[in-house]
Amino acid sequence: MSRNARRRAAGAAALAGGVMGVLLAPVMVVVKYLTGWSIVAEPSWIPVARPALEPLLALGTPVELWVIYGTLYTAALLLMLAGFAALLAEIRAEAGSVRPRSLWILLAGLVLVIGGDAVHTHTWHQDGLTVPTPGTNPVANTGYAVHMMGMNFILIGSLAAGIGSLRRRLLPRWLGWLLALIAPSAVILSMTVLPTTPSGGLLLFSATMAALGAAMAAGRGGLTAA
């Protein structure tokens, strides 16, 4: 496969994963409240949007829906990982190293989120649980802890990469700004309209991967300064 073909394939994977991540985020929020979770007050948009989402919510019980859409979200993250890893490899091939280096922290965080969240998605409802209950399933708790550690890595890595890129012009300016805004957006969204993790917290990250993937799939480059 030629270098250009690899770039387009990586871009297509990142684009598909990013779009899936954006679309699944509100669905995951609705399903989370259907399970009975109520630690954070239900956002006002849910009753308005629920009728439109009814076909997607008729596929099973709340627990089954959480596993179905959680599994799809894992697939979205895997596509983003494949695209992002390939893009970092391309930078390294061109420059001999990846700059900014904080992108490696972001990549490591994505790996942790994928593994931890996949475990948590498929285990929190065991032993008859129908509502996510902290402290009742050690496997689920461990998965949740790993995925939250990965979230921290993603937020720290993206913020550092964005700021470093904007200061040193290492990446396209639009990409630097998006990376820098991922962390603050995650905090705000997770506390307000999308109180889910990782789907709500990674909404802007997913959108960033979709934009980056589209640029790479179109052959316009992506992670090199313009």
Side-chain angles (χ1 to χ4, degrees), residues 3-4 6-25 73 76-114 147-194 197-226:
R3 180 176 174 181
N4 190 49
R6 288 195 300 270
R7 175 189 296 162
R8 291 178 183 276
L15 173 59
V19 170
M20 286 176 63
V22 171
L23 295 178
L24 286 169
Y73 192 77
L77 290 174
L78 286 169
L79 287 170
M80 287 186 259
L81 174 66
F84 193 64
L87 297 172
L88 293 190
E90 181 174 323
I91 294 177
R92 188 172 186 179
E94 288 182 353
S97 63
V98 174
R99 298 288 183 87
R101 294 177 181 174
S102 47
L103 290 173
W104 288 114
I105 298 176
L106 197 164
L107 181 66
L110 189 54
V111 172
L112 291 174
V113 166
I114 291 171
H147 125 245
M148 287 306 297
M149 182 182 299
M151 284 291 293
N152 291 332
F153 279 18
I154 289 177
L155 301 188
I156 292 171
S158 60
L159 182 62
I163 293 175
S165 171
L166 290 171
R167 291 178 60 187
R168 302 183 182 88
R169 299 183 181 180
L170 299 171
L171 303 174
R173 193 167 182 82
W174 65 268
L175 180 56
W177 275 111
L178 286 175
L179 288 171
L181 291 172
I182 286 172
S185 75
V187 174
I188 294 172
L189 292 174
S190 294
M191 295 175 63
T192 55
V193 295
L194 293 173
T197 178
S199 55
L202 294 184
L203 182 70
L204 184 56
F205 174 77
S206 298
T208 300
M209 291 303 297
L212 178 59
M216 295 296 293
R220 298 194 299 270
L223 289 181
T224 54

Is the side chain of S165 donor-acceptor paired with the backbone N or O of G162 at a distance under 3.5 Å, no angle test?
no

Sorted by chain and residue number, the side-chain contact (heavy atoms from CB on, under 4.5 Å) partners of L112 (sequence neighbours excluded) come out as V146, M149, F153

Heavy-atom closest pair (A76 atom, M20 atom, distance to 0.1 Å) is CB-CB, 3.6 Å

Rounding to 0.5 Å, atoms CG (N152) and NE2 (H147) come to a distance of 9.5 Å

List for me each residue that meets side-chain contact (heavy atoms from CB on, under 4.5 Å) alongside A160, sequence neighbours excluded, and say none if there are none.
S102

With L110, which residues qualify under side-chain contact (heavy atoms from CB on, under 4.5 Å), at least two apart?
L77, L81, I114, I154, F205

Residue pair R8 / A218: nearest heavy atoms and the distance that separates them
NH1-C, 3.8 Å

Please step through side-chain contact (heavy atoms from CB on, under 4.5 Å) for the pair L175 and T208, ending with a clear verdict.
CA-CA 8 Å; L175 180 56; T208 300; 3.8 Å; yes

Which residues pass the side-chain hydrogen bond (donor to acceptor under 3.5 Å, both in side chains) test with S199, sequence neighbours left out?
T196

What side-chain donor-acceptor pairs closer than 3.5 Å can you find for residues 186-193, not counting sequence neighbours?
unit_1 : atom_1 : unit_2 : atom_2 : d
S190   : OG     : A186   : O      : 2.8
T192   : OG1    : I188   : O      : 2.6

For the residue pair S206 and G21, what are the closest heavy atoms and their distance?
OG-CA, 3.8 Å

Nearest 0.5 Å please: distance from the CG atom of L179 over to the CD1 atom of I163.
10.5 Å

Looking at L15 and A210, what are the two nearest heavy atoms and their distance?
CD1-O, 3.3 Å

Let me confirm one number: the CZ-CG distance from F84 to L212, rounded to the nearest 0.5 Å.
7.5 Å

Residues in side-chain contact (heavy atoms from CB on, under 4.5 Å) with A16, at least two apart?
L79

How far apart are the closest heavy atoms of A183 and L159, and which atoms are they?
CB-CB, 4.3 Å

Just how far is it from atom CE of M209 to atom CG of L204, taken to the nearest 0.5 Å?
12.0 Å

What do the steps show when you test V22 against L203 for side-chain contact (heavy atoms from CB on, under 4.5 Å), and what is the final call?
CA-CA 6 Å; V22 171; L203 182 70; 4.1 Å; yes

For A217 and A12, work out which heavy atoms get closest and say how close.
CB-N, 4.0 Å

